[in-house]
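Data block below; observations after.
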Amino acid sequence: MAKKSNKKVLITNGSGAIGEEAVKAFASRGAQVAFFYNDMQKEAFALSNRTGALAVRCDVSNPASVKSAMETCKQFYHGELDVLVCNAGLPDYNLVTQIGSERWNEVINVNLNSVYYTINEILPQMIEAKQGNIIIVSSMWGQVGASSEVAFSTAKAGLIGMTKALAKELGPSGIRVNCIAPGNIKDDTAIDADEELTRAYIKGTPLMRLGDASEVAALMEFLASDRLGFITGQIIGVNGGSVV
C-alpha cells in the first residue's frame with residue numbers, strides 16, 4: 001500500500017497474532033479498518049482502542065453470524081469495501097484415525113467453509129463496483145501437508161484451490177484474489193506452548209528462525225496495493241525457505 005491509504009479493509013480473526021499485526025499495519029497507513037473476533041473480546045477491544053479499528057464479534061463458522069457481522073460492517077463502510085483479508089483459522093493436531101467426525105467438520109468449517117461464507121456476503125458489492133481485493137490466508141501445510149494435521153492441511157489446501165478458481169472467475173469483474181501461505185510464525189499459541197516443537201521448527205527452517213506475524217501483515221499490505229493490479233491467483237509463501 002502507499003504510505004497513506006483511504007482504503008476500507010475487513011480482516012477476519014483480527015485479534016489473533018497475524019490478524020492483530022494486519023489491523024495495526026493497515027490502520028497505521030490511514031485505512032478504515034474493521035475486524036472480526038470471536039472469543040478474545042478483551043484483546044479485541046484493546047486493539048480497537050489502540051488503532052481506531054471497528055471490532056465486530058463473529059463466529060465465522062456460522063453463516064448467519066457472518067451475515068449479521070457483514071451488515072454491521074456495511075454500515076461502517078457505507079456499503080463499500082476495498083480489501084477483504086480472510087485470516088480465520090483453527091489449528092488441529094490429531095492422527096486422522098483419532099480426530100473423529102465432529103472435530104474434523106469443525107476444523108474444515110472454520111478454516112475452509114468460513115472463507116466461502118465471508119466472501120459470499122461481500123461479492124455482490126464488489127462485482128457491482130467492478131473492483132475488489134481478496135487476500136486469503138492459507139498455510140504452508142496446505143502446500144505440502146503435515147503428519148498429524150490432516151484436517152488442517154486439507155482445509156488449507158482447499159483455500160489454495162479456492163484462490164486459483166476465484167481469481168479466474170472474478171478477474172473479469174476487476175476483482176483480484178491472492179493467497180498467503182505462512183510457515184511457522186512465532187506468537188502462534190500452539191507453537192509457543194511446546195518448546196521442543198519450536199526448536200524442531202526452527203531447525204527445519206532454512207533461515208533458522210520462526211517468522212514474525214508482522215512479516216505476514218507486510219505482505220498483506222503489499223498485495224493490497226493498487227500498484228500490483230496485475231497480480232492475481234498467486235500463492236505466496238512466508239516460510240523462511242521451508243517450501244521452495
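- Residues S153 and V150 are not in side-chain contact: their nearest non-hydrogen atoms beyond the backbone lie 4.5 Å or more apart.
- Considering only heavy atoms from C-beta on, F36 comes within 4.5 Å of C73 through its side chain.
- The side chain to side chain contact (heavy atoms under 4.5 Å, CB included) search around I236 returns L219, L223, Q234, not counting sequence neighbours.
- Hydrophobic clustering places V177 together with L159 (ILVMFWY residues linked when any side-chain heavy atoms are closer than 4.5 Å, directly or through intermediates).
- A donor-acceptor contact closer than 3.5 angstrom links the side chains of N109 and N113.
- E169 CD: 12 or fewer foreign heavy atoms inside a 6.0 Å radius.
- By the neighbour-count criterion of 12 heavy atoms within 6.0 Å, atom CZ of F76 is densely surrounded, having more than that number from other residues, nucleotides or ligands.
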- Take E20 and R50, measure what salt bridge (charged side-chain N to carboxylate O under 4.0 Å, His left out) needs, and give me the verdict at the end. CA-CA 11 Å; E20 178 179 349; R50 290 199 308 273; 2.9 Å; yes

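- Remark: R103 pairs with D92, E106 by the salt bridge (Lys or Arg N to Asp or Glu O under 4.0 Å) rule, at least two apart or across chains.
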- Message: side chain to side chain contact (heavy atoms under 4.5 Å, CB included) for M70 and V56? Distances and angles first, verdict last.
- Response: CA-CA 9 Å; M70 277 295 190; V56 182; over 6 Å; no

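- Here SG of C86 is found 8.0 Å from CG of L10. Values are rounded to the nearest 0.5 Å.
- Of the residues listed (L123, N178, T163), the one engaging I134 in a side-chain contact (heavy atoms from CB on, under 4.5 Å) is L123, and it is the only one.
- Between W141 and Y201, the two ring planes are tilted [angle within 30° to 60°].
- Here the shortest heavy-atom pairing between I11 and V9 reads CG1-CG1, 3.9 Å.
- Heavy-atom neighbours of K164 NZ from other residues, nucleotides or ligands within 6.0 Å: at or below the threshold of 12.
- Criterion: ILVMFWY side-chain heavy atoms under 4.5 Å apart, direct or through other members. Under it, I122 and V33 are not part of a common hydrophobic cluster.
- Taking the side chain as every heavy atom from C-beta outward, Y93 and P91 approach each other to under 4.5 Å.
- Here the side chains of D212 and K186 are in contact, with some heavy-atom distance below 4.5 Å.
- At least one donor-acceptor pair closer than 3.5 Å links the side chain of T51 to the backbone N or O of L47.
- No side-chain heavy atom of V85 sits less than 4.5 Å from a side-chain heavy atom of T12.
- Here the side chain of R176 pairs a donor or acceptor atom with the backbone of L228 at under 3.5 angstrom.
- Heavy-atom minimum distance, M208 versus K203: SD-O, 4.0 Å.
- Residues I202 and L210 have side chains in contact (heavy-atom distance under 4.5 Å, counting atoms from C-beta outward).
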- Task: For the pair M220 and F26, evaluate side chain to side chain contact (heavy atoms under 4.5 Å, CB included) and give the outcome as yes or no after the intermediate values.
- Result: CA-CA 9 Å; M220 292 174 180; F26 281 105; 4.0 Å; yes

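- Both V23 and V137 belong to a single network of hydrophobic side chains, linked directly or stepwise wherever heavy atoms of I, L, V, M, F, W or Y lie under 4.5 Å apart.
- Scanning all heavy atoms of the two residues, the minimum distance from N13 to N87 falls at O-ND2, 3.2 Å.
- By the rule that hydrophobic residues join a cluster once side-chain heavy atoms approach within less than 4.5 Å of another member, L81 and I127 end up as members of one cluster.
- Residues S138 and P182 approach most closely at O-CD, 3.4 Å, considering heavy atoms.
- One finds the CE atom of M126 at 7.5 Å from the CG atom of D82 (value rounded to the nearest 0.5 Å).
- With contacts defined as side-chain heavy-atom distances shorter than 4.5 Å, the pair V115/T118 does not qualify.
- Proximity of a side-chain donor or acceptor of S225 to a complementary backbone N or O of R227 within less than 3.5 Å is detected.
- C58 contributes atom SG, which lies 12.5 Å from atom NZ of K67 (distance to the nearest 0.5 angstrom).
- Counting heavy atoms of neighbouring residues, nucleotides and ligands inside a 6.0 Å radius, atom CD of E71 exceeds 12 of them.
- With respect to the salt-bridge test (charged N to carboxylate O, under 4.0 angstrom), the residues E215 and R209 qualify.
- Cluster annotation: Y117 and L112 are assigned to the same hydrophobic cluster (Ile/Leu/Val/Met/Phe/Trp/Tyr, side-chain heavy-atom contacts under 4.5 Å, transitive).
- Taking both residues in full, the closest heavy atoms of V83 and A224 are given as CG2-CB, 4.1 Å, listed atom of the first, atom of the second, then distance.
- One finds the CD1 atom of I135 at 5.5 Å from the CD1 atom of I180 (value rounded to the nearest 0.5 Å).
- From Q32, atom CD reaches atom CD of E80 across 9.5 Å, with rounding to the nearest 0.5 Å.
- A distance of 10.5 Å separates CD1 of I108 from CZ of F152, quoted to the nearest 0.5 Å.
- Within the 4.5 Å cutoff, no side-chain heavy atoms of T232 are placed close to those of K168.
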- Task: Walk me through it: do N38 and R57 pass the test side chain to side chain contact (heavy atoms under 4.5 Å, CB included)?
- Result: CA-CA 5 Å; N38 191 14; R57 188 161 196 169; 4.1 Å; yes

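- Taking each heavy atom of A44 and F35 in turn, the nearest pair found is O-CZ, 3.3 Å.
- Counting only distance, with no hydrogens or angles, the side chain of N111 and the backbone of L90 share a donor-acceptor pair below 3.5 Å.
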